[in-house]
Number of protein chains: 2
Amino acid sequence: MKQPGGIANKLSELGYRLTPQRIMVLSAIEDSDNHISVEEIYAQIVAKYPQVNISTVYRTLELLKRLGLVTETDLGGGRVRYHSAEKGHHHHLVCQECGAIIDLDESVLSSLKDTLLREYKFIAGLRHLAIFGRCVNCSR
Amino acid sequence: MKQPGGIANKLSELGYRLTPQRIMVLSAIEDSDNHISVEEIYAQIVAKYPQVNISTVYRTLELLKRLGLVTETDLGGGRVRYHSAEKGHHHHLVCQECGAIIDLDESVLSSLKDTLLREYKFIAGLRHLAIFGRCVNCSR
DNA sequence: TTTGTATTTGCAACTAGTTTCAATAAAAAC
DNA sequence: GTTTTTATTGAAACTAGTTGCAAATACAAA
């Protein structure tokens, strides 16, 4: 099929089968520079193999998400997007006025995480969060 | 119909019509102690007026959300719930293991808001956030 | 290489939520 | 109280995502 990347290796290590459909979903995510949507993944696959069903794409993403190999982020307007967990965690500031997306380093949320752990004994996931609001340009 | 609460007054002040359907949605939200789901609101309405359509409930919630009169929170598993904005803002820690929901005061996120404003010139909404992770009992 | 089997897939039916549009009814004007 | 205007509603069609199940196939074992 195609050279399997890091996610594919982990999948088979965990005992899941490496089907062509799964490899195509993995490639689409790994080859994508930024975040990729279900439609984009599906379009990419159908272009080569039209018989592949969209439900397989949804199921594969659900699996990858559950195993923590991929992170899902809601960047607003129901636009859920996917990203390889291998490429590191980060967060986004999403402007609800102009739609601008500002990337945010993971460290910005670390003091919040500490507070929650100390005061509420709660281990916050916060791997890939979208914070909605207004950017500089739109707040004037 | 029914004694209109604070939200109803604001709606008509803003020039929106006070229909029986809207008043019923408002009452359901205002009368609910905690967060209420679409199905719960709809079930409550249909019990009295079976001819009311679910799309009207969705449209009313969309309107109230847009006007900031009601806050929407995703408490996990696609279970979106609604809450009167008049009753104050707060946040939730949701345990992905046992489903426990811990309420969190708004102030816990104020230092994060400050940081985002100072370092990124971004005005974060963060009115009603759900943070996913693991509670004390499940993290052992 | 062939066989066996449990996992995975495609398909079709289903659910939640959205949208379009003609009919209805709030609220303003008379 | 009646008429007029235009926002709002109900109905039905539509879209995105999910689920059940029989058929297909990845992979282990022979």
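Naming: A, B, ... by sequence-line order, numbering from 1 per chain. All values below come from the heavy atoms of this structure, side chains included, with hydrogens, waters and symmetry mates left out.
Taking atom CD1 on A:Ile54 and atom P on C:dA12, their separation rounds to 16 Å, with Å as the unit. Whole-Å rounding puts the A:Tyr42 OH to D:dT15 P distance at 14 Å. Computed from coordinates, the B:Met24 CE to D:dG10 P distance equals 8 Å when rounded to whole Å. D:dC27 atom C1' lies 16 Å from atom CD of A:Glu13, rounded to whole Å. One atom, CD1 of B:Ile41, and another, P of C:dG17, lie 11 Å apart when rounded to the nearest Å. Rounding to whole angstrom units, OH of residue A:Tyr58 and P of D:dA16 are separated by 7 Å. With rounding to whole Å, B:Asn53 atom CG is found 12 Å from C:dT18 atom C1'. Atom-to-atom, OH of A:Tyr82 to P of D:dG17 comes out at 8 Å; the value is rounded to the nearest Å.
No hydrogens or angles were tested; on distance alone, nothing pairs the side chain of B:Arg17 with the base of C:dA27 as donor and acceptor under 3.5 Å. Judged by distance alone, with hydrogens and angles left aside, A:Arg59 brings a side-chain donor or acceptor within reach of the base of C:dG10, the pair sitting under 3.5 Å.
Not one side-chain nitrogen or oxygen of A:Gln51 sits closer than 4.0 Å to the OP1 or OP2 atom of C:dC11. Note on B:Arg22: a side-chain N or O is less than 4.0 Å away from OP1 or OP2 of D:dT8. Regarding contacts with the backbone of D:dT18, every side-chain N or O of A:Ser55 stays at 4.0 angstrom or more from both OP1 and OP2. Taking 4.0 angstrom as the limit, B:Gln21 places a side-chain polar atom (N or O) nearer than this to OP1 or OP2 of D:dG10.
In summary, B:Glu86 and B:Lys10 engage in a salt bridge, as defined by a charged side-chain N under 4.0 Å from a carboxylate O. Between B:Lys87 and B:Glu30 there is no salt bridge, since no side-chain nitrogen of the basic residue lies less than 4.0 Å from a carboxylate oxygen of the acidic one.
Among the nucleotides D:dA26, D:dA16, D:dT9, the one closest to any side-chain atom of A:Thr19 is D:dA26. Among the nucleotides C:dG17, C:dA27, D:dA26, the one closest to the side chain of B:Leu18 is C:dA27. The side chain of B:Glu39 sits closest to C:dG17 out of C:dG17, C:dC11, D:dG17.
Across all strands shown, B:Val52 has heavy atoms under 4.0 Å from sugar-phosphate atoms exclusively, and none from any base.
Under the 3.5 Å distance criterion, the side-chain polar atoms of B:Thr73 are left unmatched by any main-chain donor or acceptor of B:Leu75.
Using modelled atom types and a 3.5 Å distance limit, the side chains of A:His35 and A:His128 yield a donor-acceptor pair. When only modelled atom types and interatomic distance are considered, B:Asp105 and B:His90 share no side-chain donor-acceptor pair under 3.5 Å.
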